[in-house]
Amino acid sequence: MHKTQQVRQQQAATLTHDIVIVGGGLVGASLGCALAPLIERYGWRVAIVEAAALPENAEKSAWQPSFDARASAIAEGSAQRFRQLGVWEAMRSEATPIKRIHISERGRLGATRLSAQELGVSALGHVIPNAWMGRVLHHHLQQLPIEWHCPATVAQLTPQANGHRLVLSDGSELTAALTILADGGRSGLKEQLGISSRHRSYEQTAVIAHVGISQPHEGVAYERFTTEGPIALLPLPGQAMELVWTHASGTEQARLALSDSAFLRQLQAAFGDRVGRFTRVGQRFSYPLSLITAEEPVRPGLAVLGNAAHALHPVAGQGFNLALRSVMDLVEALAQGAQNQRTLGDMDMLLAFEQRRAQDRANVIRFSDGLVRLFGYSLPLLPHARAAGLVGLNLVGPLRRSLARRAMGLER
């Protein structure tokens, strides 16, 4: 049972809150943790509405990670932000550090190599199972006076004076001065409010799986561009890596249908032998890739975060790291607003927050989208230019280090 108040289905009273977070996943849970000092200082009443049931007494059960568990690459800047939240020491116990990054193009000699040592950091980033990150964040949230409506969804979200009214699937009604949509954008709440999104399909689908390898990865992450699409390999505990293999949409079905041995043979042919032999593949998942950005990330009394605000191509691994920076910037904006005696949900405050986020978001989209476009074309002379660019980037130390620090979330 959560130490925070669990609101059960039989409760139907209208509750007044300062902040309601819709979505208790990684982004919503991170926001709840980041709000802790402000909750203590100002006595704010905060609630989280989460559709999935949370495990009870999770902190008492043994952690048994699955070979197939999804994982995320956490940039060093994100690790620093988790330190601020007081959760990093617990989170890092299941983290695999990225010591080096190797970027190459199949059939070309050019390559770029980045190392933590060169940049003066202990790691360029870390790969952490999503389930473990969620477990650590939720355990931390149990110590905070935050109300949970779980499992529950928002059936109706209506603007009103000084905030929004939320009608939940468990029969509860809440009013909030500030509502945060961190539900991944799948609930339809944005559409209910008339918030449209710009959507551009890459006409690509990512195949994701864990693979075993025959030799130690030594903390190296790989990004290899092929004519079919990029292949990313992220280090996991032991001799295993997370594979993200991009395909032209429709072509992934044949690979998903392959036997494990046939799939591994094709992966070996596409990637090469930099990690030795691929020895095992876990369950394979796939999802289509698009660039999606919300047209109105803020409104009076409303902010949109995470995948509800932006969905990126995974080529540069920046999606969650960008979202976490949004979380921290929002909390900073709320703290400044409270000091200046602004009401929660004040539009001028939210616009200032969005203006700060806009440049960071544009830079990340330009970086990841540019990589997709650059390595997605096969014009006669372009492969030679790309190879020269990779070699040149490897030689020009200051530029390489600047790009690396930006990808690590240490610069914007």
How long is the span from the CZ atom in Arg81 to the OG atom in Ser30, to the nearest 0.5 Å?
11.5 Å

Parallel, tilted or perpendicular, as decided by the 30° and 60° cut-offs, for the rings of Phe82 and Trp88:
parallel

As an exercise, state the distance from CD of Gln192 to CG of Leu157, rounded to the nearest 0.5 Å.
6.0 Å

For the backbone of Met349 and the side chain of Asp346, can you confirm whether one donor and one acceptor N or O come within less than 3.5 Å of each other?
yes

Nearest heavy-atom neighbours spanning Met133 and Ser72:
CE-CB, 3.9 Å

Side chain to side chain, Pro235 and Ile98, heavy atoms closer than 4.5 Å:
yes

Using side-chain contact (heavy atoms from CB on, under 4.5 Å), reason through Thr279 and Ile213 one step at a time and then give a plain yes or no.
CA-CA 5 Å; Thr279 60; Ile213 54 177; 5.7 Å; no

Count the heavy atoms of every other residue, nucleotide or ligand shown that sit under 6.0 Å from CD of Glu203, and state whether that count exceeds 12.
no

Between the main-chain N or O of Ala71 and the side-chain N or O of Glu242, is there a donor-acceptor pair closer than 3.5 Å?
yes

Cut-off 3.5 Å, no hydrogens considered: what does the side-chain donor-acceptor table look like for residues 297-305, sequence neighbours left out?
{"unit_1": "Arg299", "atom_1": "NE", "unit_2": "Glu296", "atom_2": "OE1", "d": "3.2"}
{"unit_1": "Arg299", "atom_1": "NH1", "unit_2": "Leu193", "atom_2": "O", "d": "2.8"}
{"unit_1": "Arg299", "atom_1": "NH2", "unit_2": "Leu193", "atom_2": "O", "d": "3.3"}
{"unit_1": "Arg299", "atom_1": "NH2", "unit_2": "Glu296", "atom_2": "OE2", "d": "2.9"}

Salt-bridge contact Glu218-Lys99 (side-chain N to carboxylate O under 4.0 Å)
no

Enter the distance from Cys33:SG to Leu85:CG here, rounded to the nearest 0.5 Å.
6.0 Å

Hey, are the side chains of Glu223 and His102 touching, using non-hydrogen atoms and a 4.5 Å cut-off?
no

Step-by-step side-chain contact (heavy atoms from CB on, under 4.5 Å) determination, Tyr287 to Ile208
CA-CA 8 Å; Tyr287 64 92; Ile208 298 176; 3.0 Å; yes

Of all heavy-atom pairs linking Pro151 and Ala52, the shortest is CB-C, 4.3 Å

Taking the side chain as C-beta and beyond, is there a heavy-atom pair between Arg200 and Ser290 under 4.5 Å?
no

Positive for side-chain contact (heavy atoms from CB on, under 4.5 Å) with Leu243, one of Leu267, Leu234, Val281:
Leu267

Backbone N/O of Leu38 and side chain of Glu40: donor-acceptor pair under 3.5 Å
no

Evaluate the side-chain proximity of Ser286 to Leu256: yes if any heavy-atom separation is below 4.5 Å, no if none is.
yes

N-O pairing of Arg83 and Glu89 below 4.0 Å
no

Could you walk me through whether Ile19 and Leu35 pass side-chain contact (heavy atoms from CB on, under 4.5 Å), step by step?
CA-CA 10 Å; Ile19 299 174; Leu35 285 171; 4.1 Å; yes

Glu295: salt bridge (Lys or Arg N to Asp or Glu O under 4.0 Å) partners, not counting sequence neighbours:
Arg198

side-chain hydrogen bond (donor to acceptor under 3.5 Å, both in side chains) between His210 and Gln283: does it pass, once the steps are laid out?
CA-CA 7 Å; His210 285 189; Gln283 185 177 358; over 6 Å; no

To check you understand the geometry: which heavy-atom pair defines the closest contact between Trp132 and Ser93, and what is its length?
CZ2-OG, 3.3 Å

Less than 4.0 Å between a side-chain N and a carboxylate O, is that true for Arg284 and Asp260?
yes

Nearest 0.5 Å, what's the OG1-NE2 distance between Thr205 and His247?
9.0 Å

His126 versus Arg92: any side-chain heavy-atom pair under 4.5 Å?
no

Closest approach of Asp183 to Ala308 (non-hydrogen atoms, all atoms of both residues):
OD1-CB, 3.8 Å

Would Ile74 and Val127 count as a side-chain contact (heavy atoms from CB on, under 4.5 Å) if you check the C-alpha gap in whole Å, the side-chain angles of each, and the deciding distance to 0.1 Å?
CA-CA 6 Å; Ile74 301 302; Val127 183; over 6 Å; no

From Arg135 atom CZ to Glu94 atom CD, the distance as rounded to the nearest 0.5 Å
9.0 Å

Do Ser326 and Arg357 have a side chain donor and acceptor closer than 3.5 Å?
yes

Would a 4.5 Å heavy-atom cut-off, applied to side chains only, mark His149 and Leu174 as touching?
yes

I need the Arg325 CZ to Asn321 CG distance, nearest 0.5 Å.
6.5 Å

Is the backbone N or O of His139 less than 3.5 Å from a side-chain atom of Gln143, with the two atoms forming a donor-acceptor pair by type?
yes

Shortest non-hydrogen separation from Ala152 to Ser169 and the atoms involved:
CA-OG, 3.5 Å

Donor-acceptor check, side chain of Glu50 to backbone of Gly24, threshold 3.5 angstrom: yes or no?
yes

Can you establish whether the number of heavy atoms outside Gln268 located under 6.0 Å from its atom CD is more than 12?
yes

Using ring pair (Phe, Tyr, Trp, His ring centres under 6.0 Å), reason through Phe271 and Tyr222 one step at a time and then give a plain yes or no.
CA-CA 10 Å; Phe271 184 80; Tyr222 295 89; 5.6 Å; yes

Tell me whether Gln160 at atom CD has more than 12 heavy atoms from other residues, nucleotides or ligands lying less than 6.0 Å away.
yes

Non-hydrogen side-chain atoms of His217 and Thr96 separated by less than 4.5 Å:
yes

Under 4.0 Å between a Lys/Arg side-chain N and an Asp/Glu carboxylate O for Asp18 and Arg45?
no

Should Leu330 and Ile180 count as side-chain neighbours, where that means a heavy-atom distance under 4.5 Å?
yes

Taken in chain and number order and not counting sequence neighbours, the residues that satisfy salt bridge (Lys or Arg N to Asp or Glu O under 4.0 Å) with Arg277 are none

Non-hydrogen atoms of Ile39 and Pro145 that approach each other most closely:
CG2-CG, 3.8 Å

